[in-house]
Participant: 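If you scroll down you'll find the structure; I have some questions about it.
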2 protein chains.
Amino acid sequence: MTLPSVRRSVLVDDVIQRLRAEITSGRWPVGGRIPTETALTEQLGVARGTLREATRALIHAGLLQARQGDGTYVRATNELAGAIQRLDSELADVLEVREALDAQAARLAAERITPQGLAALDGLLAERADAWQRRDRDAWVRADHAFHQAVAVASGNALLSDLYTALGPALRRSMAAHWDERGFHGADHRGHEDLLDALRAGDTARAARSAAANIDATQGWHRDAHATAPEPSATTEG
Amino acid sequence: MTLPSVRRSVLVDDVIQRLRAEITSGRWPVGGRIPTETALTEQLGVARGTLREATRALIHAGLLQARQGDGTYVRATNELAGAIQRLDSELADVLEVREALDAQAARLAAERITPQGLAALDGLLAERADAWQRRDRDAWVRADHAFHQAVAVASGNALLSDLYTALGPALRRSMAAHWDERGFHGADHRGHEDLLDALRAGDTARAARSAAANIDATQGWHRDAHATAPEPSATTEG
DNA sequence: GGACGTTAAAGGTCAGACGTTTTATGTCTC
DNA sequence: GAGACATAAAACGTCTGACCTTTAACGTCC
């Protein structure tokens with residue numbers, strides 16, 4: 001017979017799926033500690049080796065983090081960020097991708113954003129401006145990223161939002177390598193307010209244009225930083 | 001002492017890294033079979049359980065595929081496609097993200113594409129047209145995707161290109177679910193030729209506009225397919 | 001109350017055994 | 001000689017049990 005066989009799925013895959021479901025469902029919240037290996041082997045009725053293969057898969061994927069002698073913790077709810085970081089991309093490349101996503105997020109958000117979304121953006125922009133005045137770099141980075149992230153969420157596109165989130169760590173990692181060489185780059189106040197106005201007005205074209213312009217500013221800073229070094233090999237990259 | 005300890009990395013992580021290096025370097029080519037567990041345990045000097053944890057991590061990541069009784073094969077060189085597919089995105093969301101990446105790829109390619117790149121695009125477009133005339137759906141899909149992929153590569157942005165590639169399976173998967181409901185959608189001959197012209201001319205704005213217009217056509221097809229069903233719940237999607 | 005040593009518990013690694021599936025081999029029959 | 005079948009080898013899948021390493025909590029001592 002050519003019956004494609006009952007294809008009794010591999011046990012480890014079942015375990016992976018069940019552990020992953022606990023994470024994605026939020027029953028195991030990010031930052032929390034999951035049950036011990038002993039407990040899980042009993043609950044799931046599998047050998048420790050099988051369970052360890054499953055957890056190791058999720059650890060590599062970036063969903064879990066194991067600490068010997070302590071326990072295993074939840075780190076993320078999807079594997080996107082981990083996958084992107086393993087690509088080890090150049091900052092310039094990350095910025096170009098972010099520019100594309102940013103513009104599209106702005107465009108879509110201009111059509112779909114809700115009053116609540118607009119209010120949230122208002123608050124984040126105020127935080128961002130406040131941090132800038134206090135010269136608090138970390139707070140500014142947080143607020144700035146939260147603002148962009150909120151725009152991505154307001155796009156109503158889950159994939160776009162997830163991608164944007166996942167790009168964050170790679171961006172910060174690359175950025176940090178350049179930051180101390182060149183210093184804190186000048187933040188563009190007006191650009192973000194212009195974007196917010198466009199979203200409020202539902203002006204898709206202006207929103208996209210404004211978002212692109214904001215990224216351009218960062219790219220300009222990045223280009224300038226490199227222009228100071230005549231030889232690319234003189235920097236930390238490469 | 002507060003010396004952050006020698007941080008003797010976990011053995012499994014070393015193994016994962018070494019296996020992954022074999023894949024990313026191309027020493028283990030995609031589609032090929034990797035050495036058996038017995039051989040690897042000897043080469044690496046680790047227990048079978050440790051090796052299995054490593055391979056399991058790469059299997060879940062989508063880099064490897066194990067077949068009981070046969071062997072383990074290389075499936076991909078990075079974990080992006082696997083990560084994106086686990087998000088289980090809506091087709092509409094995938095199309096919107098692809099639109100953003102497509103336009104950006106076209107814009108960048110218009111600045112950076114080489115004569116060889118242009119020649120390659122010429123050939124792919126001819127293949128695409130030929131498949132269309134022969135009413136060969138599979139060949140057309142392949143050629144169409146290869147064309148877009150080539151544009152992404154011509155952008156000179158590795159991250160953008162990788163993302164585009166990784167989006168492919170998710171796109172095809174979603175698309176297949178809709179295809180038979182609505183039939184093969186009308187392909188736009190002129191749009192792609194217009195894009196190629198813009199690239200040849202180095203016209204970034206026109207290239208981006210053309211790319212966006214091409215995606216719009218697919219989105220229109222997708223929208224129409226849903227418009228035929230008055231109740232969204234009447235379709236296969238959730 | 002703080003410094004220190006002890007100890008229990010958690011994850012990390014190793015070893016060996018057996019099960020299940022696939023592929024290749026070899027034999028038998030027509 | 002070609003095809004069908006039975007057999008055996010090889011590969012991944014799972015289980016059991018032991019021991020190591022690291023961490024955190026506890027308790028003791030000064």
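Numbers restart at 1 for each chain; the letters A, B, ... are given by sequence-line order, proteins then strands. Computed from a predicted structure; not experimentally measured.
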Participant: Expressed as a whole number of angstroms, how long is the span from B:L51:CG to C:dA15:P?
Facilitator: 13 Å

Participant: Would you mind telling me which of C:dA17, D:dC15, C:dT13 lies closest to the side-chain atoms of B:R48?
Facilitator: C:dA17

Participant: B:H192 vs B:H148 aromatic rings, parallel, tilted or perpendicular, using cut-offs 30° and 60°?
Facilitator: perpendicular

Participant: In whole angstrom, what separates A:E37's CD from D:dA18's P?
Facilitator: 17 Å

Participant: Whole Å only: how far is the CZ atom of A:R33 from the P atom of C:dA10?
Facilitator: 8 Å

Participant: Just checking, A:R134 and A:W132: is the charged tip under 6.0 Å from the six-membered ring centre and within 45° of the axis?
Facilitator: no

Participant: With sequence neighbours left out, write down each residue that passes side-chain hydrogen bond (donor to acceptor under 3.5 Å, both in side chains) with B:R20, or none if nothing qualifies.
Facilitator: B:E79

Participant: Reckon A:T50 has a side-chain N or O less than 4.0 Å from the OP1 or OP2 of D:dC15?
Facilitator: yes

Participant: Rounded to the nearest Å, what distance is computed from the CD1 atom of residue B:I34 to the P atom of nucleotide D:dA10?
Facilitator: 19 Å

Participant: Measure the distance from CD1 on B:I16 to C1' on C:dT13 and round it to the nearest whole Å.
Facilitator: 14 Å

Participant: Does OP1 or OP2 of C:dG11 have a side-chain N or O of A:T36 closer than 4.0 Å?
Facilitator: yes

Participant: Tell me the interatomic distance from B:D13, atom CG, to C:dG12, atom P, rounded to whole angstroms.
Facilitator: 9 Å

Participant: Could you give the CG-to-P distance, from B:L40 to D:dA11, as a whole number of Å?
Facilitator: 11 Å

Participant: Could you state the CD-P distance from A:E42 to D:dC15, rounded to the nearest angstrom?
Facilitator: 14 Å

Participant: Are B:Q104 and A:E96 linked by a side-chain donor-acceptor pair shorter than 3.5 Å?
Facilitator: no

Participant: Determine the minimum heavy-atom distance between A:V12 and A:T50, stating which atoms define it.
Facilitator: CG2-CG2, 3.6 Å

Participant: Would you say B:R52 places a side-chain N or O within less than 4.0 Å of OP1 or OP2 belonging to D:dC12?
Facilitator: no

Participant: Can you name the side chain to side chain contact (heavy atoms under 4.5 Å, CB included) partners of B:V74, sequence neighbours left out?
Facilitator: B:I23, B:W28, B:V30, B:I34, B:L64

Participant: Within residues 54-75 of chain A, which residues have any heavy atom lying less than 4.0 Å from an atom of DNA chain D?
Facilitator: A:R67, A:Q68, A:G69, A:D70

Participant: Any donor-acceptor pair under 3.5 Å linking the side chain of B:D93 with the backbone of A:A158?
Facilitator: yes

